Amino acid sequence: MTKQDPTAVPPSYDHAVIVLHWLTAILVVTLFALAEIWSFLPDGHLSDGMQSVHISLGILLAAVLGLRILWRTIFAKPIPPATTGLQHMAAKAMHLALYALLVCQVVLGFLYCWGGGPAVFFGLFSIPSPIKIGAVANNWIGFLHYYNAWLIIGLAGGHAVMALLHHYVRRDHVLYRMIPIGSARSPK
Ligand code: HEM
Ligand code: HEM
C-alpha cells in the first residue's frame with residue numbers, strides 16, 4: 001500500500017460493484033453450505049428440497065455473475081489500484097481466478113442439472129437442456145462440480161483472510177473499497 005493522507009477519503013468501488021460482490025459472496029457460501037448439509041441427510045423431502053433450492057439459487061448466481069462481469073467490464077467507475085508491484089499482481093491474479101472458477105462452476109452446475117432434467121427456478125420457470133448428456137459424462141461433470149466448489153471456497157477464504165489482514169494488521173483502506181461505510185475515518 002502506498003503512503004496515505006489519513007484525512008483523505010479513500011476510493012471505493014461503485015454501488016453496483018459492491019452490491020453484486022456481496023450478493024455473489026452470500027450466494028456462493030449458501031450454495032456450498034446447502035450441498036454440504038444435504039450430503040449428511042438421508043434421502044427424502046428435506047434433501048430434495050435443498051437440492052431444488054440449490055439449483056434455483058444457482059440460476060440466480062448465474063444472473064448475478066453475468067451482470068457483475070458485464071458491469072465490471074463496461075460500466076464500472078475505474079478506481080486506482082490499492083497496492084503496487086507483486087502484491088497488485090497477486091491480488092489481480094486471485095480476482096481473475098475467482099471470476100474464472102465461478103464461471104466454470106455455473107456452467108458445470110447447469111450441465112450437471114441438465115443431466116437429470118430442466119433447471120427449475122423456484123417452480124416459476126424452467127430452463128430446458130439444449131444438449132443431451134450421457135450418464136458417464138454426467139458423473140465426470142458432478143466430480144468436477146464438487147472439486148471446483150472446494151477450490152472456490154479455499155480461494156475465496158484466502159481472499160477474505162487477506163482483506164481482513166489488510167484491515168486489522170496493515171490498517172490500510174483495502175476493505176473500505178468493498179465496504180465504504182465509515183471510510184472517511186482511518187482504520188484504527
Ligand atoms: C459457486 C457456486 C456453486 C457451488 C459452491 C456449488 C456446490 C455444489 C456442491 C458441493 C455439490 C455437491 C456435489 C456432490 O456431492 O457430488 C453440488 C451439487 C449440485 N449442484 Fe452446485 N454449486 C454451485 C453452483 C451451482 C449452479 C449454478 C447450479 C445449476 C444451476 C448447480 C447445480 C447443482 C446440481 C444439479 C447438483 C447435484 C444435486 C443432486 O445431487 O441432485 N450448482 N453443488
Ligand atoms: C465467496 C466469497 C467471495 C468471492 C467469490 C469474492 C470475489 C471477489 C472478486 C472477484 C473481487 C474482484 C473485484 C473486481 O475487481 O471486480 C473481489 C474484491 C474484493 N473482495 Fe471479495 N469475494 C468474496 C468474499 C469476500 C469477503 C468475505 C471479503 C471481506 C472479508 C472480501 C473483500 C473484498 C475486497 C476488500 C475486495 C477489493 C480488493 C481490491 O480492490 O483490491 N471478499 N472479491
Side-chain angles (χ1 to χ4, degrees), residues 1 10-14 16-18 20-41 43 47-48 50-66 68-69 71-73 76 78-83 87-88 90-121 126-127 138-168 172-180 183:
M1 188 74 185
S12 63
Y13 289 96
D14 62 50
V17 170
I18 292 171
L20 292 168
H21 171 270
W22 291 111
L23 252 180
T24 310
I26 291 167
L27 283 171
V28 168
V29 171
T30 309
L31 282 159
F32 186 75
L34 278 171
E36 284 308 304
I37 294 168
W38 87 55
S39 72
F40 288 105
L41 296 177
D43 287 348
S47 98
D48 287 353
M50 289 173 92
Q51 287 167 20
S52 301
V53 172
H54 182 91
I55 293 169
S56 301
L57 294 182
I59 296 172
L60 191 61
L61 175 68
V64 167
L65 196 61
R68 180 171 177 188
I69 292 172
W71 185 272
R72 185 70 178 82
T73 45
I79 60 170
T83 48
Q87 222 191 323
H88 172 63
K92 265 246 151 324
M94 171 71 103
H95 295 164
L96 272 177
L98 278 170
Y99 276 126
L101 293 177
L102 286 172
V103 170
C104 287
Q105 188 69 347
V106 165
V107 172
L108 287 166
F110 270 95
L111 292 175
Y112 199 23
C113 181
W114 284 332
V120 181
F121 184 77
S126 64
I127 309 171
N138 204 238
N139 275 344
W140 276 104
I141 292 165
F143 173 86
L144 292 174
H145 188 72
Y146 177 75
Y147 284 102
N148 197 39
W150 278 99
L151 200 55
I152 290 171
I153 293 298
L155 277 190
H159 159 81
V161 167
M162 287 311 293
L164 294 174
L165 282 179
H166 271 284
H167 193 72
Y168 290 109
D172 60 25
H173 289 112
V174 167
L175 190 61
Y176 283 137
R177 291 157 70 85
M178 269 307 169
I179 311 177
S183 59

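As the structure lists them, so they are numbered: ligands from 1, and atoms in each ligand from 1. Atoms considered below: every heavy atom in the structure, side chains included; atoms not considered: hydrogens, waters and symmetry mates. Just so we're clear, the structure is a prediction, and the values are computed from it rather than from any experiment.
- Below 3.5 Å of separation, one finds no N or O of E36 facing any N or O of ligand 1.
- In this structure, W150 falls outside the shell of residues with a heavy atom less than 4.0 angstrom from ligand 1.
- Of the possible polar contacts, none joining the S47 side chain to the D43 backbone as a donor-acceptor pair under 3.5 Å is found.
- Residue nearest to atom 41 (O) of ligand 2, selected from H88, H95, Q87: H95 (by heavy-atom distance).
- Some N or O of Q51 is nearer than 3.5 Å to an N or O of ligand 1, by distance alone.
- Contact atoms of ligand 2 toward V28: 1 (C) (distance under 4.0 Å to a heavy atom of the residue).
- Contact atoms of ligand 2 toward A160: 26 (C), 27 (C), 30 (C) (distance under 4.0 Å to a heavy atom of the residue).
- Near A163, meaning under 4.0 Å from one of its heavy atoms, ligand 2 places the atoms 29 (C), 32 (C).
- Near G58, the atoms of ligand 1 lying under 4.0 angstrom from a non-hydrogen atom of the residue are 26 (C), 27 (C), 30 (C).
- Between H159 and ligand 2, at least one pair of N/O atoms sits closer than 3.5 Å.
- In terms of protein heavy-atom proximity, atom 1 (C) of ligand 2 is closest to A156 CB, 3.6 Å.
- By the 4.0 Å heavy-atom criterion, M94 is excluded from the residues contacting ligand 2.
- Within the structure, the closest approach of Y13 to ligand 2 falls below 4.0 Å when heavy atoms are considered.
- Near C113, the atoms of ligand 1 lying under 4.0 angstrom from a non-hydrogen atom of the residue are 35 (C).
- Annotation for ligand 1: atoms under 4.0 Å from non-hydrogen atoms of A149 are 5 (C), 7 (C), 10 (C).
- The R177 neighbourhood of ligand 2 comprises atoms 39 (C), 40 (O), 41 (O), with distances under 4.0 Å to a heavy atom of that residue.
- The aromatic rings of Y112 and H145 lie tilted to each other, with the angle between the two planes from 30° to 60°.
- Considering each of L102, I26, V17, T73, the one bringing a non-hydrogen atom nearest atom 5 (C) of ligand 2 is L102.
- For atom 11 (C) of ligand 2, the nearest non-hydrogen atom from the set K92, H166, M178, R68 comes from R68.
- Relative to atom 2 (C) of ligand 1, the option among N139, L61, V103, L101 with the closest non-hydrogen atom is L61.
- Heavy-atom proximity to G109, at under 4.0 Å, picks out these atoms of ligand 1: 26 (C), 28 (C), 29 (C), 31 (C), 32 (C), 42 (N).
- Near R72, with a cut-off below 4.0 Å to any heavy atom, the atoms of ligand 2 are 14 (C), 15 (O), 16 (O).
- Atom numbering of ligand 1 starts at 1 in the shown order; those under 4.0 Å from a heavy atom of I55 are 30 (C), 35 (C).
- Residue A91 does not touch ligand 2, judged by heavy-atom distances below 4.0 Å.
- Classification of the Y146-W150 ring pair by plane angle, with boundaries at 30° and 60°, yields perpendicular.
- Closest to atom 35 (C) of ligand 2 among all protein heavy atoms lies V174 O, 3.4 Å.
- Applying the 4.0 Å criterion to heavy atoms of L98 picks out, from ligand 2, the atoms 7 (C).
- Atoms NE2 of H145 and NE2 of H54, as seen from atom 21 (Fe) of ligand 1, are separated by an angle of 180°, to the nearest 10°.
- Nearest residue to atom 15 (O) of ligand 1 from Y146, Y112, F110 is Y146 (criterion: closest heavy atom).
- Residue side and main chain included, H21 places an N/O/S atom under 2.8 Å of atom 21 (Fe) of ligand 2.
- In terms of protein heavy-atom proximity, atom 28 (C) of ligand 2 is nearest to W22 CH2, 3.4 Å.
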